[in-house]
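Report on one structure; see the data block that follows.
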2 protein chains.
Amino acid sequence: MTNSLDLKIKKGDLLNADCPSRDILKRLLGRWSLLVLIALKQETLRFSALRRRIGGVSERMLAQTLRHMEEDGFIVRIAHDVVPPHVEYYLTPLGCEAETRVALLAEWLENNITGIMAHRQAFSAESGRHEEH
Amino acid sequence: MTNSLDLKIKKGDLLNADCPSRDILKRLLGRWSLLVLIALKQETLRFSALRRRIGGVSERMLAQTLRHMEEDGFIVRIAHDVVPPHVEYYLTPLGCEAETRVALLAEWLENNITGIMAHRQAFSAESGRHEEH
DNA sequence: CGGTATCCAAACTGATACTG
DNA sequence: CAGTATCAGTTTGGATACCG
C-alpha cells in the first residue's frame, strides 16, 4: 500500500513546492478566509450580516472567498428559495477545526500586536535613517 | 488609563478594518513567511540554505520576506563580515511563539489535506458540470 | 555568497453598475 | 437580498542581470 502516490502526500512536506498543502494554505490564510472563519464561529450568518461583520471586505471578495471555502469544505451555503433571497453560511466540522487553530494564532497576534508594532518602529528608526523605503 | 487610544487596540478586534493586526497578519501569513518560520524552527540557517529548504521561493521574494520578518521582530539577521559573505537567520523568542501557533495549523492542514482535496473534487464534479469557470 | 535593480506578466482588489 | 460583470488600479511574483 506504500506506493509512489503516497510519497507525494507525505506529512511534513509543506516546505516542498509540490506539496498540495500549498494550495489549501493559500486559500485558508487568504486575506479574508481567516476572518470568515472567525466571524462564523458558533453562529450562522447571512451574506450581508457577514459583510457588515468583516470590516472592509467588498461584495466581490466576500463572495469569492465564500465560494472557495465552500469548495474546500470549510463552510456550508444554504440558499432558501424565497424572495427576497435568503442565504446562510455556517462552518462545517472541518471548518470548526480550522477555526480553533486559526483563532489561537489570531488571539496570540492580538495580544502581541503592541510589541510587534513597537519593534517595527524601533527597527525602521535605527536602520532606516538613510533610506526611505 | 482607559482612554480612547486603548479602544483602538482592544482585543478581538481583528474583524474591524482599522485594527492594526491586519497588517501584521498579512505579513505573518504571507505565502513565504509561514514557511520561513517552519524552516527556522530550532535551527539557524544561511540565506542559500533557507532558499534550498523552501521549495519554489525566488531570491527576491525570500529576501523581501526576511526583511519584513526582521522588521516585525520574528527573526534575527546576523551578517558576518567576511568574504565571501556569511549571513545567518534564526528565530527570536517572538518568532518561536509564532512558529508554534503556525506549526499547529500547518500540521492540522497536512493531516487533513487528503479529505479537503477529495471534497474539492467532489464539489466541482457535482456543481460544476454546467460551468467550467 | 547574499543580495539588489529592473522589467514585465499575472494575480488580487475594489468601485461601480447591473440582475434575478 | 445576494450576488455577477466589467474595468481599472495596485500588488505580487519570477526571470534576468548585476554588484559588493
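Lettering follows sequence order; numbering is per chain, from 1. The analysis underlying the following values was restricted to heavy atoms, covering all of them including side chains, and did not include hydrogens, waters or symmetry mates.
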Rounded to whole angstrom units, what separation is found between the [atom1] atom of [X] and the [atom2] atom of [N]?
X: A:Leu62; N: D:dA2; atom1: CG; atom2: P; answer: 10 Å
X: B:Arg22; N: C:dT13; atom1: CZ; atom2: P; answer: 12 Å
X: B:Glu59; N: C:dA5; atom1: CD; atom2: C1'; answer: 13 Å
X: A:Ile75; N: D:dA2; atom1: CD1; atom2: P; answer: 14 Å

Nearest-neighbour nucleotide for the [X] side chain, [options] considered:
X: A:Ser48; options: C:dG2, D:dG13, D:dA2; answer: D:dA2
X: A:Ala63; options: C:dG3, D:dG3, C:dC1; answer: D:dG3
X: A:Lys26; options: D:dT6, C:dC12, D:dA2; answer: C:dC12
X: B:Arg67; options: C:dT13, C:dT4, D:dG20; answer: C:dT4
X: A:Pro85; options: C:dG3, D:dA2, D:dT6; answer: D:dA2

Practice task
Answer with base, sugar-phosphate or nothing: what part of the nucleic acid does A:Pro84 contact at a heavy-atom distance below 4.0 Å?
Solution key: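 Sugar-phosphate contact only.
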Practice task
Describe the nucleic acid contact of B:Arg77 in one word from base, sugar-phosphate, nothing, applying a heavy-atom distance below 4.0 Å.
Solution key: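 Result for B:Arg77 = sugar-phosphate.
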Exercise for the section: Work out which heavy atom in B:Ala106 is nearest to a heavy atom in B:Ile38; give both atom names and the distance. Expected result: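 Smallest interatomic distance, heavy atoms only, reads CB-CD1, 3.9 Å.
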Within the structure, does a side-chain N or O atom of [X] lie under 4.0 Å from either OP1 or OP2 of [N]?
X: B:Tyr89; N: C:dG3; result: yes
X: B:Arg60; N: C:dC7; result: no
X: B:Arg46; N: C:dG2; result: yes

Practice task
Indicate yes or no: does B:Arg53 engage B:Glu43 in a salt bridge with an N to O separation below 4.0 Å.
Solution key: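 Yes.
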Handout entry: Salt bridge present between A:Arg27 and A:Glu71 (N-O < 4.0 angstrom)
Key =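 Looking at A:Arg27 and A:Glu71, the cut-off is met.
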Exercise for the section: Just report the end-to-end axis angle for the helix from C:dC1-D:dG20 to C:dG20-D:dC1, five pairs per end, to 10 degrees. Expected result: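 Roughly 50° between the end axes, to the nearest 10°.
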